[in-house]
Structure formats: C-alpha cells, structure tokens
2 protein chains.
Amino acid sequence: MANNIYNLQADTLKAIAHPTRIEILQQLQQGERCVCEIFPALNIEQPNVSRHLSILKKEGIVSSRKEGLKVIYRVNDQRIFKILDLVTEMLKEHWDSRKEAFA
Amino acid sequence: MANNIYNLQADTLKAIAHPTRIEILQQLQQGERCVCEIFPALNIEQPNVSRHLSILKKEGIVSSRKEGLKVIYRVNDQRIFKILDLVTEMLKEHWDSRKEAFA
DNA sequence: TTAATATATAACTAAATATACATATAGACA
DNA sequence: TGTCTATATGTATATTTAGTTATATATTAA
C-alpha cells in the first residue's frame with residue numbers, strides 16, 4: 001500500500017470506522033481501561049475486543065501498558081474524540097435537513 | 001444494522017475511509033466538479049469514480065445536480081474537511097513521537 | 001512446580017468491499 | 001429518429017474484514 005497521504009488518512013479512518021471500536025474509544029474517553037473492564041461493558045467476547053484493540057493500536061490511536069496480569073489501554077490523542085464529535089454534528093445536520101424536506 | 005449512534009458514526013466514517021474517496025473530496029474542496037472532471041484528475045476509471053461518489057452520496061456527504069449531460073457533485077458539509085485535517089494532525093504527531101523514540 | 005487468571009493469537013467461516021468489464025440509461029443534437 | 005456523450009449500474013472476481021472457537025502466552029500466587 002503506497003504511503004501517500006490519502007492512504008495514511010484512509011488507514012486511520014478505517015481503524016475508527018467500526019461501531020465496536022467507536023464504543024471502545026468512548027469507554028477510553030472516561031480514562032484508562034483494562035481489557036477485563038472493556039469487554040463486559042460492551043457485552044462482547046474478550047478475543048473480539050483484543051482484536052479490535054490491536055487494530056486501534058496498530059494505527060497509533062491507542063497505547064497499552066501491562067499492570068500485573070492486566071493490560072491497560074489509553075487513547076493517544078484526544079483529537080480522535082473531536083473527530084467523532086464532528087461526525088455526530090454532521091449526522092444531526094443531515095437528519096435535520098431531511099426533516100425539513102419532509103415538513 | 002441497528003441505528004444506534006455507533007453504527008451511524010461508523011457508516012459515515014467508513015464512507016470517508018478510502019483513499020480514492022478522500023482524493024475525490026479533496027477535489028471537491030476546490031469547488032463543484034462533474035464526474036468528467038474528477039476521473040481524469042484522479043486517473044481512474046469513470047465507473048469506479050461513479051461508484052465511490054454514490055457511496056459518499058448515500059451517506060449524505062455529497063450531493064449532485066444535473067446540468068445537461070453532466071452530473072455535478074458538491075460537498076454538503078465543510079466539517080468533512082475539518083475531520084480530514086484532524087486526521088492529518090494526528091498522523092503528524094504520531095510520526096513525530098516515533099521519530100523521538102528513534103532519536 | 002502447578003494452577004489460575006488475563007490477554008493475545010491462530011484458524012476457520014461468513015460477510016462486506018473494491019475493482020474491472022460490459023451494458024444500460026438519459027440528455028443533447030443532427 | 002439515430003447517434004453521440006456523460007454517467008450509472010449489473011455482474012463476476014478478488015480481497016479484506018469480522019466474529020467464533022480453540023489455544024497459546026504471560027504473570028501471579030499457592
């Protein structure tokens with residue numbers, strides 16, 4: 001995969017573009033969390049969460065450290081939440097303009 | 001697909017998360033463009049561009065209007081560019097911190 | 001050393017996505 | 001009407017991605 005800016009941007013966006021990973025990020029917005037806290041909160045299998053976390057980690061969106069048996073994840077850059085906020089704003093606007101169209 | 005916020009956010013992000021579509025958006029940042037201008041600029045097949053545009057349109061990211069034979073596309077919400085800018089900033093930061101690690 | 005716990009990875013299957021090529025549609029105009 | 005041009009869509013194929021189950025690894029503690 002050519003390392004031009006479009007590919008790099010797409011890779012980062014792809015890493016975020018999954019409902020489970022967005023939900024994981026939302027958990028991490030409240031602070032560091034170990035896998036053992038994340039997967040019950042999301043009510044999905046532990047290996048599944050580990051896979052999603054490894055995708056986020058590969059793209060540099062989260063980092064981890066070990067603490068005994070636990071692996072604790074954190075978000076590297078708060079801008080990720082600004083991105084999610086912008087998406088939400090866009091969705092709202094889109095929804096509103098559609099409502100107008102039907103009003 | 002359940003219509004919860006995470007799915008909606010993921011759908012929007014997935015629509016942007018492709019190098020060709022990012023490049024299309026970058027073209028449209030300079031103003032409205034017809035398909036006939038976009039596909040030569042990107043040097044890809046016309047049907048390919050039409051498909052990518054339809055994905056962006058389905059998610060409400062672009063709109064189109066007809067003008068004679070041409071179909072002219074435009075971006076609906078400038079926030080899309082703010083999102084791409086934030087991704088670029090994140091990539092730079094990530095790159096810089098990696099450089100430090102090797103310095 | 002053995003057992004228990006937390007996490008990661010492998011292997012498989014199913015589903016989604018991207019691309020290419022061919023063809024269809026729709027508008028302009030002779 | 002027929003033809004040309006611009007765009008969209010159908011279909012097949014290849015690739016990627018997601019989820020599940022089983023298993024491996026690593027750390028702690030008995």
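Throughout, a chain's letter reflects where its sequence line sits, starting with A, and its residues are numbered from 1.
Side chains of A:Lys70 and A:Cys36 form a contact here, defined as non-hydrogen atoms less than 4.5 Å apart. Looking at heavy atoms from C-beta onward, B:Glu37 lies out of side-chain contact with B:Gln27 at the 4.5 angstrom threshold. Residues A:Ile16 and A:Leu25 form a side-chain contact, since some pair of their non-hydrogen atoms from C-beta on lies under 4.5 Å apart. Side-chain contact between A:Val35 and A:Ser50: present, with at least one pair of heavy atoms (C-beta onward) separated by less than 4.5 Å.
Inspection of the A:Ser63 and A:Lys57 side chains reveals no N or O donor paired with an N or O acceptor under 3.5 Å.
In this entry the distance linking CD1 of A:Ile55 with P of C:dA8 reads 13 Å, nearest Å. Rounding to whole angstrom units, CG of residue B:Leu69 and C1' of D:dC4 are separated by 9 Å. To the nearest angstrom, C1' of D:dT16 lies 12 Å from CG of A:Asp11. In this structure, B:Ile44 atom CD1 and D:dA8 atom P are separated by 13 Å, rounded to whole Å. Atom P of nucleotide C:dT17 and atom NZ of B:Lys58 are separated by 8 Å, given to the nearest angstrom. In this entry the distance linking NZ of A:Lys57 with P of C:dT7 reads 13 Å, nearest Å. Rounded to an integer number of Å, the gap from NZ of A:Lys66 to P of D:dT27 is 4 Å. In this structure, A:Gln46 places its CD atom 16 Å from P of D:dT25, rounding to the nearest Å.
Contact between the side-chain N/O atoms of A:Asn48 and the OP1/OP2 oxygens of D:dA18 is not found at any separation under 4.0 Å. The side chain of B:His52 places an N or O atom within less than 4.0 Å of a non-bridging phosphate oxygen (OP1 or OP2) of C:dT19. Regarding contacts with the backbone of D:dA18, a side-chain N or O of A:Arg21 is found under 4.0 angstrom from either OP1 or OP2. Residue A:Lys14 places at least one side-chain N or O under 4.0 Å from the OP1 or OP2 atom of D:dT17. The shortest distance between the side-chain N/O atoms of A:His18 and the OP1/OP2 oxygens of D:dA18 is below 4.0 Å. Between B:Tyr73 and D:dA8 there is a side-chain N or O to OP1 or OP2 distance below 4.0 Å.
Between A:Gly68 and B:Val49, the residue whose closest nucleotide on DNA chain D is further toward the 5' end is B:Val49. Mapped onto DNA chain C by nearest heavy atom, A:Ile72 and B:Glu67 fall at different nucleotides, with A:Ile72 at the one closer to the 5' end.
When distances run from any side-chain atom of B:Arg51 to the nucleotides C:dA6, C:dT9, C:dA20, the shortest one goes to C:dA20.
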